[in-house]
Structures are given as structure tokens and as C-alpha cells.
Amino acid sequence: MFDGGLTMSFHKVNCPPVVGNLSKIRSQCRTRPNPCFAVRMSSTLVQTDENGDFYESKKISGSSSTELKSQPQNSLLSQANTVGIIGGVSVFSTLIFLEKLVWRSSRNGEECVPFVVCSEPALDGGRRPVHSSEVNGENIIIQNLRQKRIFLEKSGARCIVMPCHISNAWHDEISESCSLPFFHIGDCVARELKEAKLKPLDAGSSVRIGVLSTCETIAVAPYQQKLQNQGFEVVLPDKETMEHILMPAVESWNQRDIEGARNLLRIAIQVLLIRAVNIVILASDVLQNILPREDPLLKKCMDPMDALARTTIKWAKSAKKVHRKT
């Protein structure tokens with residue numbers, strides 16, 4: 001679990017599993033050293049009583065250890081703009097979003113948005129656990145994610161986000177009975193595109209938005225519905241493009257044929273652009289990584305995680321201002 005403000009806190013709690021192999025994640029996560037920031041490491045051991053309330057029993061900072069008097073807490077975090085993050089089916093989605101959230105919210109010397117993360121490594125890679133032959137694996141995932149949402153609410157989160165292309169397909173089920181703002185990644189994308197006031201490239205037609213994803217249905221659904229609700233026409237790649245261009249691009253990338261993967265992805269994007277789409281949404285972590293950042297085609301593409309991060313930061317800054325006034 002990470003407490004924002006450029007302070008890392010690792011908590012041991014009686015709750016759903018929290019971030020897994022930290023040493024592995026740390027080595028795989030991209031870093032951006034910046035001498036302007038000092039990172040303070042601390043660790044807090046937390047226990048819960050029979051009512052689920054938190055008790056803080058020990059706090060460790062640096063190499064010293066200080067015993068604290070145990071006292072009940074209603075939540076781990078008390079900031080009015082704390083963001084609760086439900087880890088994605090892929091842990092890399094979560095890390096990519098955290099990078100965007102931390103660095104964008106702490107620009108110009110500002111404090112990073114406070115946040116708490118709850119992630120489940122067992123769901124990594126889109127694997128669907130099956131409890132028994134009579135239980136649908138999808139329902140188990142939904143229940144698992146809903147429990148994480150509840151845990152984040154008890155931890156002091158004041159809004160919830162889910163930086164995952166796949167998990168947002170179950171947003172309605174996971175957010176059921178949630179009293180906090182719970183941002184849908186598809187809503188964030190559709191809202192930004194609506195505010196951009198795009199013009200149709202074909203006379204007499206609606207503005208067309210392309211969506212590319214390695215998961216043809218489940219990862220596309222969160223964007224397709226929300227975009228259509230805003231009046232956009234959604235354009236998806238046809239079967240031939242998926243089978244002979246997009247999926248081979250991913251296979252080439254996995255086999256470290258970087259140039260081959262890039263050329264194939266460029267073709268897949270061009271296929272949609274030829275169909276007069278204004279913007280192509282890259283709804284896949286793999287697709288986000290293939291093209292180099294200076295590739296001109298990326299100017300025609302959109303990363304949904306950017307939209308989610310911008311929406312989250314905007315909410316957090318607004319919540320902080322409201323809290324100060326009260």
C-alpha cells in the first residue's frame with residue numbers, strides 16, 4: 001500500500017491482499033530521478049480489531065523503530081483528497097497509472113496527490129480463477145475487486161479509480177452501493193474528447209473514434225459504450241486486421257522483434273485512420289509500449305490512462321480546496 005505525497009508506506013493489515021512482490025515491481029518500474037524531491041521511506045504495522053477498526057501498533061522510519069501507543073483509527077489515511085486505486089488485472093497498468101499520477105500532480109513543486117493502492121497479483125495477466133465448476137470465474141473476479149473497493153473506502157479513500165482496461169468492463173457491478181466518486185476510465189476518455197470539440201473528417205457523418213485492443217470485446221466495451229453515449233461513432237478493426245496485423249504485432253513484440261512489431265502496429269493504426277477516425281484509442285498496455293514516443297502517429301492516438309490521471313488530479317485538487325475552505 002502506498003501513501004502518496006512522495007512518501008511510501010507499506011502496511012500489514014487484515015484485509016484483501018495488497019501489492020505483491022515489491023522488489024520485482026521496483027526493478028521493473030520506470031524511474032525518473034529528480035534531485036528536487038526527497039523520498040522518505042517508512043513502514044507502519046497495522047492491525048484490526050473485531051469490528052474491523054485499525055490499530056496502529058508500531059512505526060518504523062529509516063533504521064529506527066519507535067513504539068506507539070495503540071489507538072483505534074477509523075481509517076489509515078485522513079486527507080480529504082485521498083485517491084483509492086484498485087490494482088488492474090495487469091500490475092503494469094497500475095504502475096503506469098501511478099507514474100502518471102505522481103509526476104503530473106507534483107509538477108512545479110506541488111505536493112503529490114495522496115493515494116492508497118490495493119492490488120491482487122493473482123489476477124495478473126487476465127487469468128480467471130475458478131473456485132469450483134459451478135462458480136463462474138468472472139463473478140469471482142468481480143467479488144474480489146468489490147472487496148478491494150470496500151477496503152479502500154475503509155482505508156480513508158475519498159474517491160476510487162481502477163486503472164485497468166479490462167476491469168472497467170465490470171465497473172457497474174464493482175461500484176454497486178459505493179457512496180464515493182468512482183471514475184470510469186471510459187467516461188474520462190469520452191468527456192475529454194467531447195470537450196475537444198472535434199469535427200467530423202467526412203461531411204455528414206459523426207466524429208469517429210477508433211479503438212485498438214488486444215482483447216477484442218472485454219477491453220473495448222468500456223470505451224465503446226461511453227463514446228457512443230457522447231455521440232461518437234466507434235470504429236473497430238475488422239477480423240482480418242486483428243488476425244493478420246494487430247495480434248502479429250503483439251507476437252513480434254513478445255519475441256523482441258521490435259521493428260516488426262512497430263511496423264505492424266503502424267499499419268493497424270493507419271487502417272483506422274483511412275476510415276476517417278479522428279483519434280485512435282490504444283486500449284492496451286502492450287500497444288502503448290510498442291511505438292517510440294517521438295513517432296508522429298502517436299499524435300493521432302490517445303492513452304486512456306492519461307485521461308484517467310487528469311480527471312483524478314483535477315478531482316483531488318478540487319477536493320483539497322473545498323476542505324481548506326471548510
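Computed from heavy atoms alone, side chains included, the values below leave out hydrogens, waters and symmetry copies. A quick note: this is a predicted structure, and the numbers were derived from the prediction, not measured.
The two residues Cys118 and Lys148 make their nearest non-hydrogen contact at SG-CG, 3.6 Å. Here the closest non-hydrogen pair linking Ala219 and Ile166 is CB-CG1, 4.3 Å. Closest heavy-atom contact between Met302 and Gln288: O-NE2, 3.9 Å. Of all the heavy atoms in Tyr223 and Gly186, the pair that sits closest is CD2-CA, 4.0 Å. Nearest heavy-atom pair across Thr82 and Gly156 is CB-O, 3.7 Å. Among all heavy-atom pairs drawn from Cys188 and Leu308, the shortest one is SG-CD1, 3.8 Å.
A donor-acceptor distance shorter than 3.5 angstrom exists from the side chain of Asp303 to the backbone of Met305, with no hydrogens or angles considered. Between the side chain of Lys226 and the backbone N or O of Ala190, no donor-acceptor pair lies under 3.5 Å. The main-chain N or O of Pro181 is never found under 3.5 Å from a side-chain atom of Arg158 such that the two would form a donor-acceptor pair. A donor-acceptor pair is defined here as one N or O able to donate and one able to accept, closer than 3.5 Å; no such pair exists between the side chain of Ser318 and the backbone of Lys314. The main-chain N or O of Ile313 is never found under 3.5 Å from a side-chain atom of Arg104 such that the two would form a donor-acceptor pair. When atom types are taken as modelled, the side chain of Asn263 and the backbone of Glu259 share a donor-acceptor pair closer than 3.5 angstrom. The backbone N or O of Pro237 lies less than 3.5 Å from no partner atom in the side chain of Thr241, so there is not a single donor-acceptor pair. For the pair Asn278 (side chain) and Pro200 (backbone), a donor-acceptor distance under 3.5 Å is absent. Counting only distance, with no hydrogens or angles, the side chain of Ser213 and the backbone of Cys215 share a donor-acceptor pair below 3.5 Å. A distance-only check finds a donor-acceptor pair linking the side chain of Ser105 to the backbone of Val113 [under 3.5 Å].
Considering only heavy atoms from C-beta on, Pro222 comes within 4.5 Å of His184 through its side chain. Side-chain contact check for Leu264 versus Ser252: some heavy-atom pair is nearer than 4.5 Å. Between Ile185 and Pro163, the closest side-chain pair of non-hydrogen atoms is not below 4.5 Å. Ile86 has its side chain within reach of Arg149: a pair of non-hydrogen atoms, C-beta onward, lies under 4.5 Å apart. Side-chain contact between Ile160 and Ser175: absent, with no pair of heavy atoms (C-beta onward) separated by less than 4.5 Å. In this structure, Val211 and Gln224 have side chains that are not in contact, with every pair of non-hydrogen atoms separated by 4.5 Å or more.
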- Task: Carefully, step by step, assess Val161 and Phe182 under the rule side-chain contact (heavy atoms from CB on, under 4.5 Å).
- Result: CA-CA 6 Å; Val161 297; Phe182 192 154; over 6 Å; no
- Walk me through it: do Phe115 and Thr312 pass the test side-chain contact (heavy atoms from CB on, under 4.5 Å)? CA-CA 11 Å; Phe115 60 86; Thr312 304; over 6 Å; no
- Query: Can Leu152 and Ile85 be said to form a side-chain contact (heavy atoms from CB on, under 4.5 Å), step by step?
  - Reply: CA-CA 8 Å; Leu152 291 172; Ile85 303 170; 5.5 Å; no
- Could you walk me through whether Lys100 and Asp306 pass the side-chain contact (heavy atoms from CB on, under 4.5 Å) check? CA-CA 7 Å; Lys100 295 177 185 294; Asp306 287 331; 2.8 Å; yes
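Rounding to the nearest 0.5 Å places CZ of Phe92 at 10.0 Å from OG1 of Thr94. For the atom pair CG of Leu193 and CG of Leu227, the computed distance is 6.5 Å after rounding to the nearest 0.5 Å. From Trp170, atom CH2 reaches atom CD1 of Ile218 across 4.0 Å, with rounding to the nearest 0.5 Å. Note that CD of Gln230 and CD of Gln225 are 11.5 Å apart. Values are rounded to the nearest 0.5 Å. For the atom pair SG (Cys178) and CG (Leu180), the distance works out to 4.5 Å, reported to the nearest 0.5 Å. With rounding to the nearest 0.5 Å, the separation of CD in Gln147 from CD1 in Ile142 is 12.5 Å.
The hydrophobic cluster containing Leu272, built from Ile/Leu/Val/Met/Phe/Trp/Tyr side-chain heavy atoms closer than 4.5 Å, also comprises Leu212, Val235, Met242, Leu246, Met247, Val250, Trp253, Ile258, Leu265, Ile269, Leu273, Val277, Val280, Leu282, Val286, Leu287, Ile290, Leu291, Leu297, Leu298.
Using the six-membered ring where Trp is involved, Trp315 and Phe183 have ring planes that are perpendicular, over 60° apart on the 30 and 60° scheme.
Under the 4.0 Å criterion applied to side-chain N and carboxylate O atoms, Arg266 and Asp295 are assigned as salt-bridge partners. Using a cutoff of 4.0 Å between basic side-chain nitrogens and carboxylate oxygens, Glu195 and Arg191 are not scored as salt-bridged. The residues Arg146 and Glu173 are annotated as not salt-bridged, no charged nitrogen and carboxylate oxygen being separated by less than 4.0 angstrom.
Cluster annotation: Val271 and Ile281 are assigned to distinct hydrophobic clusters (Ile/Leu/Val/Met/Phe/Trp/Tyr, side-chain heavy-atom contacts under 4.5 Å, transitive). Hydrophobic clustering of Ile, Leu, Val, Met, Phe, Trp and Tyr side chains at less than 4.5 Å, counting indirect connections, keeps Met162 apart from Ile150.
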Donor-acceptor pairs under 3.5 angstrom involving side-chain atoms of residues 203-210: please list them, not counting sequence neighbours.
residue: Ser205; atom: OG; partner: Asp202; partner atom: O; Å: 2.7
residue: Arg208; atom: NE; partner: Glu233; partner atom: OE1; Å: 3.2
residue: Arg208; atom: NH1; partner: Asp202; partner atom: OD2; Å: 3.0
residue: Arg208; atom: NH1; partner: Arg275; partner atom: O; Å: 3.2

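Residues forming a side-chain contact (heavy atoms from CB on, under 4.5 Å) with Asp285 (at least two apart in sequence, or on another chain): Ser90, Ser93, Ile96, His165.
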